[in-house]
Student: 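This is the structure I want to talk about, given as structure tokens.
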Amino acid sequence: MRWSNLFVPTLRDAPGDAEAVSHKLLVRGGFIRQLHAGHYSMLPLGWRVHEKVADIVRDEMNLIGGQEFLLPAMHPKSLWEASGRWQTMGDEMFRLEDRSGTEVGLGMTHEEVFASIALELNSYKALPQIWYQIQWKFRDEPRPKAGLLRVREFAMKDSYSLDIDYAGLDASFDKHHDAYLRIFERLDLDAMPVEASSGAMGGAGSIEFMVASPSGEDDVVRCPNCDYRANIERATSAIDVVIDSSGPDAPEKFATPGIRTIKALEEAGAPASSQMKTMVMVLDGAITLAVVRGDHQLNMQKLQDITGAIDIRPATPDETIEHLGASPGSLGAVGVSADITILADRSLQGRSNLTTGANEDDWHWRGVDIERDVKVSEWVDLREVSAGEHCPKCKTPLEIVRAIEAGHIFKLGTKYSEALGAHVLDADGEKQTIVMGSYGIGIGRNMAAIAETHADEKGLVWPVAVAPFEVVVTVMKIDDEATMGAAEKIYADLLAAGIDALIDDRDARAGVKFADSELIGIPFRVTVGPRGITNGQVEFTTRETMETAEVAVGEIVQTAITAVTQAR
RNA sequence: CGGGAAGUGGCCUAGUUCGGCUAAGGCGCCUGCUUUGGGAGCAGGAGAUCGAGAGUUCGAAUCUCUCCUUCCCGACCA
């Protein structure tokens with residue numbers, strides 16, 4: 001490709017509203033342009049990177065026996081009604097009507113469609129299968145952000161495993177796990193597999209692949225000593241046992257005028273770790289109390305996962321007063337109506353002599369023995385891990401890092417195959433519901449994650465495997481015949497050797513060419529100028545280190561080929 | 001959806017507080033000359049319904065109202 005013919009609108013300044021490194025650099029480098037919130041145009045450079053990422057994913061999927069499909073992006077309402085997700089997906093699904101008034105939805109993922117195709121499988125002999133596609137997904141995200149990191153329209157590789165039983169699912173899941181690790185290695189992403197919540201997908205278990213980055217949207221709990229890693233939505237920790245001093249035989253009500261916070265109550269003499277914090281939640285319309293220790297934080301996702309609730313929100317002040325009789329700040333779970341479910345965090349199990357709100361403004365209880373005085377419906381893990389708490393495996397203090405979700409794999413089970421009636425006959429002639437897994441990687445998001453983690457003050461530093469071009473031949477003086485002739489020959493030889501080369505034949509100043517090539521992050525640069533050519537020399541610069549070596553014209557092609565092939 | 005910020009040539013900004021000449025500057029773009037190994041210099045030039053609509057006023061980028069859009073935090077989210 002000749003730069004003089006290539007559309008690369010580089011910018012000296014990033015748009016004012018860009019914050020994330022990848023967003024700024026992908027826009028400045030002429031890779032992407034925003035059309036509107038959450039929708040980006042891929043410019044030629046961006047599309048090259050995107051497709052190189054996609055090809056790596058495709059390659060690894062094929063290596064585990066995946067078969068590539070391409071399914072429609074627009075789906076009939078009936079299909080999503082069959083799985084129940086027409087209802088449960090809520091506002092996140094784009095929905096529209098065709099001219100005849102038939103309702104359709106834009107696919108957010110393709111479990112239903114693949115399951116419907118799986119109806120044509122009849123025998124266990126056909127299993128297992130791994131089916132995948134790289135297709136555009138549409139999600140009406142409430143808040144698109146950070147350039148390509150969170151968008152409403154994006155290409156995703158989604159694959160689905162079809163097995164006769166759960167042992168088969170485990171094997172397919174492990175294949176994907178390994179394939180994903182290889183993909184991230186080839187993308188030069190340091191992705192941590194972590195235990196994750198399965199959210200709206202349902203299913204028996206899931207693993208997220210997380211890339212640490214300040215632009216990420218998830219928190220990952222990580223042990224610096226052992227291999228423990230978990231999404232904060234799933235993470236647990238070991239905490240010090242609190243020994244309670246003996247309390248009274250029955251709770252005592254005491255006046256706490258004006259005290260509305262844990263902190264204020266602590267100043268009044270009740271340590272936060274000896275308080276019960278009562279959160280009034282509404283789960284699918286039902287009032288539920290979530291009780292955690294005063295110094296702990298409730299994790300809503302844990303609550304949702306445990307209860308399986310679809311709609312979950314804090315109660316409004318009016319609802320709180322209606323059901324508990326007091327305002328937030330004086331709430332407690334002692335003596336509440338028996339029809340209210342009380343979920344308590346396990347860290348409170350066995351605790352006594354606790355302080356909590358009395359459901360009467362300005363009054364609290366002390367001396368509460370939780371097992372004696374509170375009708376706990378279920379002991380569960382509700383609390384959010386904090387940094388510095390101890391690793392559940394090795395007791396080392398934990399750290400929490402922001403991370404980008406680069407991939408997510410699920411053991412789905414039979415939710416979709418059951419709903420759509422996808423089953424096969426086993427060796428005994430018995431009907432078996434197909435056991436499914438689903439596995440996703442967002443292509444554009446991975447591209448952004450790479451940009452996020454491969455940049456310096458000059459711009460992007462793409463890994464060779466996904467760089468828009470592998471080598472740029474920078475011509476210092478295009479009207480110097482010897483220089484241009486030598487550059488053209490090097491360029492042609494590189495192309496002939498299968499190197500993805502670009503020749504910067506623009507009539508521009510050296511500084512502009514250098515700055516542009518560094519901004520767009522081409523891994524290697526061959527600089528050809530009259531100064532060196534008269535001595536038979538060119539320069540070879542490695543973007544990552546910015547080290548430059550003088551190389552004889554006769555050797556430069558081999559030098560570049562070696563560098564590229566080693567890094568691929 | 002709650003909170004905050006912002007919309008001025010392709011990009012970055014000034015101007016808005018306290019209304020007043022033809023809306024200013026930098027980058028980029030076009031032409032010419034010079035320059036030619038790190039985003040050049042000089043000269044000339046094109047390019048803006050100041051997010052949209054309504055209103056107040058002799059006069060609106062500036063004040064008022066409504067709407068739209070975008071960004072950030074939270075909620076939400078495979």
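So that the names make sense, note that chain A is the first sequence line, chain B the second, and so on, each numbered from 1.
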Student: Quiz question: by atom type and distance under 3.5 Å, do the side chains of A/H23 and A/K145 form a donor-acceptor pair?
Tutor: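 No, no side-chain donor-acceptor contact under 3.5 Å.
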Student: With heavy atoms under 4.0 Å as the rule, sort A/G529 into base, sugar-phosphate or nothing.
Tutor: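 Touches a base.
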Student: Using a 4.0 Å heavy-atom cut-off across all strands, classify A/E539 as base, sugar-phosphate, or nothing.
Tutor: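 Since a base atom lies under 4.0 Å of A/E539, the category is base.
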Student: Taking atom C1' in both B/rU17 and B/rU22, what distance in whole Å separates the two?
Tutor: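 Comparing C1' positions in B/rU17 and B/rU22 gives a spacing of 25 Å.
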Student: Classify A/A14 by what it touches in the nucleic acid, base, sugar-phosphate, or nothing, heavy-atom distance under 4.0 Å.
Tutor: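 Sugar-phosphate contact only - A/A14 comes under 4.0 Å of backbone atoms but never of a base.
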Student: Remember a base hit wins even if backbone is also touched, and classify A/K145 as base, sugar-phosphate or nothing at under 4.0 Å, heavy atoms.
Tutor: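 Touches sugar-phosphate only.
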Student: Using modelled atom types only, decide if a donor and an acceptor are shared between the side chain of A/W462 and the backbone of A/I520 within a distance under 3.5 Å.
Tutor: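 A pair under 3.5 Å: yes.
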Student: For A/R531 and A/D13, find the nucleotide of RNA chain B closest to each by heavy atoms; which residue's nucleotide sits nearer the 5' end?
Tutor: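 Final value for this comparison: A/D13.
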Student: Do the ring planes of A/H110 and A/F114 sit parallel (below 30°), tilted (30 to 60°) or perpendicular (above 60°)?
Tutor: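 Plane angle over 60°, so perpendicular.
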Student: Can you find a donor-acceptor N/O pair under 3.5 angstrom joining the side chain of A/E518 to the base of B/rG38?
Tutor: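 Yes, a donor-acceptor pair under 3.5 Å.
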Student: Remember a base hit wins even if backbone is also touched, and classify A/R506 as base, sugar-phosphate or nothing at under 4.0 Å, heavy atoms.
Tutor: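 No contact.
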Student: Using the C1' atom on both, measure B/rG51 against B/rA46 and round to a whole Å.
Tutor: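 Looking at atom C1' only, B/rG51 and B/rA46 are 24 Å apart.
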Student: Can the ring centres of A/H177 and A/F209 be said to be less than 6.0 Å apart?
Tutor: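 Distance test on ring centres: under 6.0 Å, yes.
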Student: Would you please indicate if the ring centroids of A/Y180 and A/Y439 are separated by under 6.0 Å?
Tutor: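 Ring-ring flag for A/Y180/A/Y439: false, centres at least 6.0 Å apart.
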Student: Looking only at side-chain N and O atoms, does A/Q34 come under 4.0 Å of OP1 or OP2 in B/rC71?
Tutor: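 So the side-chain polar atoms of A/Q34 do come within 4.0 Å of the phosphate oxygens OP1 or OP2 of B/rC71, strictly under.
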Student: Hey, does A/P9 reach any base, or is it just sugar-phosphate, or nothing, if we go heavy atoms under 4.0 Å?
Tutor: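 A/P9: no heavy atom of the nucleic acid under 4.0 Å.
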Student: Can you tell me whether the side chain of A/R143 and the base of B/rG3 have a donor-acceptor pair closer than 3.5 Å?
Tutor: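 Under the 3.5 Å cut-off, the side chain and the base do not form any donor-acceptor pair.
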Student: Between A/A20 and A/P142, just flag the one whose closest nucleotide in RNA chain B comes earlier from the 5' side.
Tutor: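 Checking each residue's closest nucleotide, the 5'-ward one belongs to A/A20.
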Student: Does RNA chain B take part in any stems of at least 3 consecutive Watson-Crick or G-U pairs (both distances under 3.5 Å), and if so, which ones?
Tutor: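 If one scans RNA chain B for consecutive Watson-Crick or G-U pairs, the stems found are B:1-7 with B:68-74, B:10-13 with B:24-27, B:29-34 with B:40-45, B:51-55 with B:63-67.
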Student: For A/D516, report the nucleic acid contact type (base, sugar-phosphate, nothing); a contact means any heavy atom under 4.0 Å.
Tutor: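 Base contact - A/D516 has a heavy atom under 4.0 Å of at least one base atom.
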Student: Which is true for A/A37 with a 4.0 Å heavy-atom rule: it touches a base, it touches only sugar-phosphate, or it touches nothing?
Tutor: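 It contacts sugar-phosphate atoms only.
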Student: Taking side-chain contact (heavy atoms from CB on, under 4.5 Å) as the definition, give me every residue that meets it alongside A/D480, ordered by chain and number, with sequence neighbours left out.
Tutor: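 For A/D480 the side-chain contact (heavy atoms from CB on, under 4.5 Å) partners, ignoring immediate neighbours, are A/K477, A/A482, A/T483, A/P530.
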Student: Give me the distance, rounded to whole Å, that separates B/rC30 from B/rA5 when you measure between the P atoms they each carry.
Tutor: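 To the nearest whole Å, 41 Å.
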Student: With a non-hydrogen cut-off below 4.0 angstrom, is A/M108 in contact with a base, only sugar-phosphate, or nothing?
Tutor: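 Here A/M108 touches the bases of the nucleic acid.
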Student: In whole Å, measure the gap between the C1' atoms of B/rG9 and B/rC27 for me.
Tutor: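 Between the two C1' atoms, the distance is 12 Å.
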Student: Salt-bridge test for A/K415 and A/E111: reply yes if a basic N is under 4.0 Å from a carboxylate O, no otherwise.
Tutor: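 The answer is no: the pair does not qualify as a salt bridge.
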Student: If only atom types and distance count, is the side chain of A/R402 paired as donor or acceptor with the main-chain N or O of A/S215 below 3.5 Å?
Tutor: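 Such a contact is absent between A/R402 side chain and A/S215 backbone.
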